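Report on one structure; see the data block that follows.
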Amino acid sequence: MNSPTAGPEIADSDAPVSNFVRDIIIDDLKTNKFGGRVHTRFPPEPNGYLHIGHAKSINLNFGLAAEFGGQCNLRFDDTNPSKEETEYVDSIIEDARWLGGDWGDRMFYASDYFDQLYEWAVQLIKAGKAFVCDLSGDEVRKQRGTLTEPGQESPYRNRTVEESLDLFARMKAGEFPDGFRTLRAKIDMASANLNMRDPIMYRILHAEHHRTGNKWCIYPMYDFAHGQSDSIERITHSICTLEFEDHRPLYNWYIEQLGIYHPYQYEFDRLNLTYTILSKRKLLMLVQKGLVNGWDDPRMPTVSGLRRRGYTPEAIRNFCRRVGVSKTNGATELSLLEYFLREDLNKRAARVMAVLRPLRVVIDNYPEGQVEEMEAVNNPEDASAGTRLVPFSRVLYIEQDDFREDPPKQYFRLSRGREVRLRYGYFITATGVVKDPATSEIVEVHCTYDPATRGGNAPDGRRVKSTIHWVSAAHAIDAEVRLYDNLFTTENPDDVPEGQDFTANLNPKSLDVVTGAKLEPSLRGASPSSRYQFERLGYFSVDPDSTTEKPVFNRTVALRDTWAKIEKKSK
RNA sequence: AGGGGAGUAGCUAAGCCCGGAUUAAAGCGCUCGGCUCUGAACCGAGAAAUCGAAAGUUCGAAUCUUUCCUCCCCUGCCA
């Protein structure tokens, strides 16, 4: 039985998990580096939907702010109008909020700062730290050098401040076509860090921006926008992923040259999950090619997909906390995520009986036309969930898997001559089967019941080895149930033979639509997105496609299945 | 000698900065047992780590030094 009070292990599970970013913050608080402030930000680019990797970042950034009494902003990194759309910002807001992100009124856009960024660019030109470059994209690439060789300085590098100022103003005024000129920082073409080889600050892009419309035809690069945005928002700890480590010197350079408030960047490892792809580009490809049914397909690792699948924000949050934050790149096992899902659902999901693949059971000695209402516990983990009544009658459905004509050893369920318990019902014993003469498939099982075992207990104390679930045929609701399996068949979907891509590892059996499922009548009118445990099967939630006439359930995750393991081993 | 990161049980990951108080945490996974009207949950036990390798410093090294190995990131006018 579960204890009603929070035990030590529950307190432990809420305790913050030590990580290096947190340690840095604790240090900074100790040395009063930011006057006791902790201010983070979650900075998605609105060019795709959020996925569970972003959830890790959200959890880190908002979690750290909350733990130390600070704040966390939501900021859209929207400096590239050609890839960004309002559909994405809407979904990001919804998803980040669903995950528990609370940014108060601090929702910003890098595009809010375009005017300021432009002024800062002018400031750097005036200081001789930036210049307008007339080189084409190809030429810039050629002159950049390689990993082992230094680059060459642009012939425009030493043009006068006045000329650069004039040209930059004309870039802004729209006098030049896309890609015709750029504004570049004057740093060091010989730097071993490619990001420091006179990086481009602004490029010409005659594209409509989702927020600023046609006001601008020059847009700042990420590097010239991100740190300054952090600075404007007085961010203390700017936490990003590992691939930006190389950018940190540039992040610092801009801030130092500008002489503005200095936030500090720290990098952590992005989340990888086995059997899962977490790349916006690849996820977008799955959507665009119709390999899944949209961003919120329940097989997708997107936040909207997980939500539709039936995940809870708490489960995701606990997972993120447990997975930790470090700088090692590896892949977390999907089973860890599923563990936290089941842990949460076990506490909150009402139990209910549903039969996915029905097999008719006729109880020969049960009075025809009789119906009894059996009392069933809604949630053994939560006494306050109460009980409900489930109708019992002469003809029932049980799971096809729960009857075997030739039971293997260790199979405890129903077979001819064996007695099992119908949960909250009666003990029944199988007496015979009816087969389809054409296919010799079992279509019906005949049983007898023991009237003394009503409710599921034998007064003589005799035991059965198994309890199975059932639904009264006359009272059952028909439903569609969608069973999901991993979207990919391999732990690392990117592990493919030469010349193929990750789609080669797509699991053809990732979706199994069961149309003839039978549900107990209490499920009638179950509200959208509500969650249940179908006893002995798993956790299920109502899909948005569901209607009163045609209920649709998603299997969120199956229950752990020891029998499946035993069966597999004996094969 | 391009630069930047990382290597602790199957996975994730504490500890490393400030060497000894840890028998090198913990969770997941795995194995076994108990309990049970869900083969679930729960409870208990267990296996599992030459701390990437080697050498050095030291009374003492996962922690300090050196060398080596492996993996990841960087040559977008993407973020």
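Computed from a predicted model, the values in this text were never measured in an experiment. Numbered from 1 within each chain, the chains take letters A, B, ... in sequence-line order.
Contact annotation for A:K280: no contact, since no heavy-atom pair falls under 4.0 Å across all strands. At a threshold of 4.0 angstrom between heavy atoms, the contacts of A:L135 include nucleobase atoms, whether or not backbone atoms are also involved. Note on A:A564: nothing from the nucleic acid sits closer than 4.0 angstrom, heavy atoms only. Residue contacts shown for A:V325 are limited to sugar-phosphate atoms, with no base heavy atom under 4.0 Å away. Residue A:D178 is out of contact with every strand shown, counting any heavy-atom pair closer than 4.0 Å. Counting non-hydrogen atoms under 4.0 angstrom, A:Q410 reaches a base of the nucleic acid. Within the nucleic acid shown, A:Y411 comes within 4.0 Å of at least one base atom, counting heavy atoms only. Note on A:Y424: a base of the nucleic acid sits closer than 4.0 angstrom, heavy atoms only. Within the nucleic acid shown, A:R141 comes within 4.0 Å of sugar-phosphate atoms alone, with no base atom in reach, counting heavy atoms only. Contact annotation for A:G456: base contact, defined as any heavy-atom pair under 4.0 Å involving a base atom. Backbone-only contact: A:T328 has heavy atoms under 4.0 Å from sugar-phosphate atoms and none from a base. Using a 4.0 Å heavy-atom distance criterion, A:F412 is classed as a base contact. Residue A:T79 is classed as a sugar-phosphate contact, given heavy-atom separations below 4.0 Å to backbone atoms only.
Put simply, the residue from A:R462, A:R463, A:K465, A:R413 that forms a salt bridge (charged side-chain N to carboxylate O under 4.0 Å, His left out) with A:E419 is A:R462. When each of A:E535, A:R423, A:R536 is checked for a side-chain contact (heavy atoms from CB on, under 4.5 Å) with A:I468, only A:R536 meets the rule.
Because its glycosidic torsion is within 90° of 0, B:G76 is reported here as syn.
One N or O donor and one acceptor, one from the side chain of A:E333 and one from the base of B:G10, sit under 3.5 Å apart. Residue-to-nucleotide contacts include a donor-acceptor pair under 3.5 Å from the side chain of A:R413 to the base of B:G39. A donor and an acceptor atom sit less than 3.5 Å apart, one in the side chain of A:H247 and one in the base of B:A79. Judged by distance alone with a 3.5 Å cut-off, a donor-acceptor contact links the side chain of A:D246 to the base of B:G3.
In this structure, the ring of A:F392 has its center less than 6.0 angstrom from the ring center of A:Y426.
Between A:R144 and the phosphate of B:C77, there is a side-chain N or O to OP1/OP2 separation shorter than 4.0 Å. One finds a side-chain N or O of A:T562 lying less than 4.0 angstrom from the OP1 or OP2 phosphate oxygen of B:A40. Side-chain nitrogen and oxygen atoms of A:T332 include none within less than 4.0 Å of the OP1 or OP2 phosphate oxygen of B:C11. For the pair A:R342 and B:U38, the criterion of a side-chain N or O lying under 4.0 Å from OP1 or OP2 is not met. Between A:K327 and the phosphate of B:G4, there is no side-chain N or O to OP1/OP2 separation shorter than 4.0 Å. One finds no side-chain N or O of A:Y222 lying less than 4.0 angstrom from the OP1 or OP2 phosphate oxygen of B:A79. Within the 4.0 Å cut-off from OP1 or OP2 of B:C11, not a single side-chain nitrogen or oxygen of A:R322 is found. For the OP1/OP2 pair of B:U38 and a distance below 4.0 Å, the side-chain nitrogens and oxygens of A:R560 include no atom meeting the criterion.
Where A:L242 and A:D561 each meet RNA chain B at their nearest nucleotide, the meeting point lying more 5' is that of A:L242.
For the 3.5 Å distance criterion, the side chains of A:S82 and A:N80 qualify, holding a donor opposite an acceptor. Between the side chains of A:Y251 and A:D230, at least one donor N or O sits under 3.5 Å from an acceptor N or O.
Here, B:U58 and B:G46 have their C1' atoms 37 Å apart, quoted to the whole Å.
Both tests hold for A:R181 against A:F176: distance to the six-membered ring centre under 6.0 Å, angle to the ring axis within 45°.
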